[in-house]
Amino acid sequence: MSQTPPENTDDQPTDQPTDEPAQEQAEVLEGASTNRRGLRVLIGFVLLVVVAGGIAKVVTTLTAEDPLADAEPVFTIGGDGWLTPDGRPRTPAVDEVSEVAWTWTSAEEESVDEVWPLGRGALLWTGQDLVALDADGEEAWRQVYVEDTPDDFFAEPDLYEIEPVVSDDHSLVWVDSEDGAAMLDAESGETLWSDAGGVPVGDLVVVDRGDDGLLARDAATGDERWGVDDPVAAVTAWGDRLYVVTADLEVLEHDAATGEVTADLGSVRGATGDEVAVAAAGDLLGVGVGRSSTVLSTDGTVLYERTATGSATGDDVIEPESWGAGLMAVDPTIDSDLITRDGKRTVQPEGAAWWPVGSRGDDVRVLALGGVSGQDGDVSILDGSLSEIATVRALPFGVADGQALAVTEKVLRAVSLDDGDELWQVRWRDLGDGAVESGVAVPAIGGVLVNAEDSVTMLR
């Protein structure tokens, strides 16, 4: 089996490590722009629910600006299910759907594993291909990343974990795969440039070159902006900050625009040479080094340290995960600890399942299925201390600005994450022909995408 990432035509840099301090190594290349993008404020939707004939219908007054009208081709990294780090809604609240706009059906034996909004259309991952749909639901382009599916589905699981990142204006798509990464033009699917994997942040992509350090490229053109020569073990971003774990297990904060080191947060536990993973969550950082994990605040205070026990293979690494701006999960696949920004540790009860849905400042929200609420199949909305705020009737999948969307019993429901109240609902029979009766709801620009495994439907 082979993958087919786009061809890299860029010359590779030949920078060699030096002994200079990290702050002095960050060199801004000629022509670099350090201007930061302006912030955009969105005004929320006003909702008025009117009950008629036993079915909740929604009358709306749309006061929000077009979310794509003044967006720029930058990547806002971090935030949570509700807001970006600069306070903008990540996906605007969906105030109403009343019809089926279009339905796209996959080819025979092709499933739809994941769906993301892309402009007025959608971006799909089939497990092998990345497919873009336009505003009318027509296939705009397709990129093949996995040529053949292995007989054993789990033989190479990394091939099934492509996570594209879409720029704020939906004009660029960064795709990081096992064999390399590329920046795609969202409209045509054309490869603009390619390199090793990296982190898109602002108008840059910071490429992780491992022992050769970091190289920041202009997101749209691939032009080099700045470079750092020190060997890197892992890198992540939050807002306009870059967090780097060096080969010596030091944790450094960089200004993402210039590469300048702005803080030394100390070192973390683990053995040099082990695999390293890092995640950021507002003022929290999680670092996994082999089977050891550390959570620290961005002022360098260590909040949590642990070395996992049990069987391990040489490549195992505990991977922390960002769960909202005030919550860090310490590898939920291995260990159930959650750490809050004040250092509070909470442990998932047996039989429970958690989904982070975001936070506003200190107001963390977590969804819990079963176990925690004691009502198997119901979903509880919890705060950061795992105190129950409300219990809702269905499992929300998609999270927009302050609301969760759920598909259950042939009904699409929107639920408030503030108090669990139902904001609106619509039944499939009221949407007319072509409405699928089950699936995963994904908030989109101007509607809701429903992933029904072998098809995608846009509701508007």
Side-chain angles (χ1 to χ4, degrees), residues 44 47 78-85 87 89-91 93-94 238 279-286 293 295 297 303-304 306 318-408 412-425 440-443:
L47 301 177
D80 47 46
W82 299 9
L83 305 173
T84 63
R90 186 166 294 282
T91 304
V94 181
W238 186 275
D283 297 329
L284 295 175
L285 288 176
S293 58
V295 177
S297 65
L303 304 175
Y304 170 98
R306 179 177 176 184
I318 291 181
E319 296 195 25
E321 187 173 339
S322 170
W323 276 15
L327 204 62
M328 175 69 68
V330 183
D331 193 0
T333 63
I334 296 175
D335 143 351
S336 60
D337 291 351
L338 299 182
I339 311 299
T340 63
R341 64 160 59 104
D342 61 0
K344 181 179 178 60
R345 173 188 171 197
T346 55
V347 180
Q348 177 175 313
E350 184 177 357
W354 289 350
W355 288 265
V357 294
S359 60
R360 293 179 183 272
D362 295 326
D363 193 12
V364 177
R365 287 292 186 273
V366 180
L367 296 179
L369 172 65
V372 172
S373 66
Q375 300 179 38
D376 188 27
D378 283 345
V379 175
S380 292
I381 299 176
L382 312 176
D383 63 20
S385 64
L386 297 193
S387 298
E388 185 172 306
I389 296 170
T391 299
V392 296
R393 293 174 52 194
L395 173 61
F397 287 99
V399 177
D401 180 24
Q403 67 178 208
L405 299 173
V407 177
T408 179
L412 172 64
R413 292 184 172 90
V415 177
S416 168
L417 293 176
D418 289 323
D419 53 22
D421 287 349
E422 186 173 281
L423 299 173
W424 54 267
Q425 66 165 253
V440 178
V442 179

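Keep in mind that the numbers below use all heavy atoms, side chains included, and drop hydrogens, waters and symmetry copies.
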Notebook entry, point to check: Taking atom OG1 of Thr340 and atom CE of Met328, what is their separation to the nearest 0.5 Å?
Noted result: 11.5 Å

Next item on the list: List the atom of Val94, the atom of Trp424, and the distance in Å for their closest heavy-atom pair.
Entry: O-NE1, 2.8 Å

Check: Hey, what do you get for CD (Glu321) to CG (Leu327), rounding to the nearest 0.5 Å?
Finding: 10.5 Å

Margin query: Can you tell me how far apart OG1 (Thr84) and CG (Asp401) are? Round to the nearest 0.5 Å.
Written below: 10.0 Å

Notebook entry, point to check: How many angstroms lie between atom CG of Leu405 and atom CZ of Arg413, to the nearest 0.5 angstrom?
Noted result: 12.0 Å

Item checked: Distance-minimising heavy-atom pair for Ser380 and Glu388 -> OG-OE1, 3.1 Å

Notebook entry, point to check: Do you know the tightest heavy-atom contact between Leu284 and Ile339?
Noted result: CD1-O, 3.6 Å

Margin query: For Asp283, give me all partners under side-chain contact (heavy atoms from CB on, under 4.5 Å), at least two apart in sequence or on another chain.
Written below: Arg241, Thr298, Arg341

Notebook entry, point to check: Quick one: CD1 on Ile381 to CG on Asp419, what's the gap to the nearest 0.5 Å?
Noted result: 7.5 Å

Check: At their closest point, which heavy atom of Pro443 faces which heavy atom of Thr91, and how far apart are they?
Finding: CB-CG2, 3.5 Å

Margin query: Give me the atom names and distance for the closest heavy-atom approach of Gly420 to Ala390.
Written below: CA-CB, 3.9 Å

Next item on the list: Mind listing the closest non-hydrogen atom pair of Trp238 and Ser322 along with its distance?
Entry: CZ3-OG, 3.7 Å

